[in-house]
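First, the structure itself, so that you have it in front of you.
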Amino acid sequence: MAQKYVIIGGSAGSFQVVTQILSALPANYDLPIFLCLHRLKHIRTGFIEALSIKSMLPIVEPDDKEHIRSGTIYLAPANYHMYIELGNTIALSTEPSINHSRPSIDLSFISASYSYKEKLIGIILSGANKDGAQGLKAVKESGGIAVVQSPDECQVKTMTMAAIKATQVDHILNTQQIIDFLKKLN
Amino acid sequence: MQVEKDDILRIIDTIKKASSYDFTDYSEKSFARRIEKILIDTKLDIEGLIKQLKSSKEFLEHIVKEITVNTTELFRDPKMWHTIKYRILPRFQEQDTINIWHAGCSTGQEVYSMSILLNEMNMLDKCNIFASDLNLDALEIAKRGEYKYRFNVEYIDNFNKVIRQNPYNFEEVIDIPFTKYFDIDLTKDLLKAKPILKQKPIYRKQDLVREDNVFYTKFDIIFCRNVLIYFNYDLQNRIFENFHKNLFNKGTLILGIHESMLGPVSSKYIKKGMYYLKK
Ligand SMILES: C[S@@+](CC[C@H](N)C(=O)[O-])C[C@H]1O[C@@H](n2cnc3c(N)ncnc32)[C@H](O)[C@@H]1O
């Protein structure tokens, strides 16, 4: 199993960034990547297809209790919270929205940081609310690496600013730098 | 707040000794998250919670309701409803009666969704509809069939997707308004199910953990969506065995779109894309 894990949270303005990142990663990229992205209510479907076109890696919307594999990208399904649990499994839940969000980036990040501790890299991208700030803080407090997309580059900077305010982040990077950083981890 | 595993076990044990509820085989993490939320809402600590659970039956019933996750919506996951409409129900068109069970129906939206679909396919009359849940408050809401309007506008979006559009033929638009089935009361901010949807369903309290079947009949279709995600593998397997026993031959089992049958029991079913058939 991979030594490190990546979790990415994003909201408004993050779709392009995620697509760029995924399309830049090589087919032999080994780290599992968890994507927790807010979607507009009316585009609940078609999302994974749009992401898959650009990516050489398999992207799945996992089922509850699905086992986590290397080299796979896990997209939180619309309308479910996605937890990353001990024993390398995913758990889904339909608990109510948190900060108007389901999936909640905070919940995914907090569960992953509990399971993976210093093996986790958390990345917060563009977004129009404050979801993810508490999650990134948890990543940092568990010994993981906290990364934020450079607010100057973000289409909407609320989410990255909130994350930077909530915790002492390790890196503030633009999209290309995030890609280089992720490639080096492989 | 992080609740320790020991505390969780003590709470489960307390509830088990004081009542018929047994949460032993609930998924540990999600149970812990519910307890964390309850501690925040009640402003109690673990000791306080356990003490109250022991001393008040009423409090215990309340906490059990709080442990269950009741979120649901009308036509949740339209893709699944398209499958029901175009793949599952046509197989039953010739049959004289159809027995349907919604296990874990929560506040009833799933039951109303199915009734609407059945009515549109002229099949409602020959159906016997049964619905059960652990949470009596949820069942009361289900029977009433009234939902907040303002927070549930996606009900209408979902309805339009499932009832008015044909994913296999984009040019077909079926002109059936939402108001055929629900009255919209703007002053009270309510969506109210029309009587035609309320005649069939029979609601009963049932605990899937210890009661196999409270309706004393077998079923053609069992719905159990987004209920088993809160259970562990062992309990899931037991429930799948129970459903198997209570389905007619070739009966259909419908799970949530992100649930799958793992473990030995899966050999007793045939997986058909988004649903399962009893072998
Ligand atoms: C998230 S809701 C699912 C509602 C609906 N089926 C849907 O998918 O939209 C889960 C329901 O399972 C019920 N439940 C939990 N444990 C149960 C048990 N042991 N027996 C019966 N129902 C249970 C809860 O009360 C809750 O209403």
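Here is the naming used below: chain letters follow the sequence lines, and residue numbers restart at 1 for every chain.
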Toward chain A, the part of B:Asn232 with a non-hydrogen atom under 4.5 Å: backbone
NZ/B:Lys271: more than 12 non-hydrogen atoms of other groups inside 6.0 Å: yes
Crowding at NZ, B:Lys278 (>12 non-hydrogen neighbours, <6.0 Å): yes
Residue B:Met274 excluded, over 12 heavy atoms near CE under 6.0 Å: yes
Note: B:Arg34-A:Glu95 ion pair, threshold 4.0 Å (strictly below): yes
Within 6.0 Å of CD in B:Glu172, more than 12 heavy atoms from elsewhere: yes
B:Leu228 portion near chain A, given a 4.5 angstrom heavy-atom threshold: backbone
From CG (A:Leu92) to OG (B:Ser30), nearest 0.5 Å: 11.0 Å
Separation between OG of B:Ser260 and NZ of A:Lys65, rounded to the nearest 0.5 Å: 9.5 Å
Point-to-point distance, once rounded to the nearest 0.5 Å, from CD1 of B:Ile257 to OH of A:Tyr80: 5.5 Å
Neighbour count above 12 (heavy atom, 6.0 Å) for B:Lys85 NZ: yes
Whether B:Thr71 side chain and A:Pro96 backbone form a donor-acceptor pair below 3.5 Å: no
Under 3.5 Å donor-acceptor, B:His258 side chain and A:Pro62 backbone: yes
Distance under 6.0 Å and angle within 45° of ring axis: B:Arg33 vs A:Tyr114: no
Nearest-0.5 Å distance that lies between atom CG in A:Asp64 and atom CD in B:Gln236: 6.5 Å
Worked check of side chain to side chain contact (heavy atoms under 4.5 Å, CB included) between A:Leu86 and B:Glu28: CA-CA 11 Å; A:Leu86 287 171; B:Glu28 194 185 303; over 6 Å; no
Within 6.0 angstrom of A:Lys54 NZ, more than 12 heavy atoms from elsewhere: no
Rounded distance (nearest 0.5 Å) linking atom NZ of B:Lys29 with atom OG of A:Ser115: 5.5 Å
Full working for side chain to side chain contact (heavy atoms under 4.5 Å, CB included) between B:Thr72 and A:Thr94: CA-CA 8 Å; B:Thr72 181; A:Thr94 64; over 6 Å; no
Rounded distance (nearest 0.5 Å) linking atom CG of A:Asn79 with atom CZ of B:Arg76: 4.5 Å
Greater than 12 external heavy atoms within 6.0 Å of B:Phe170's CZ: no
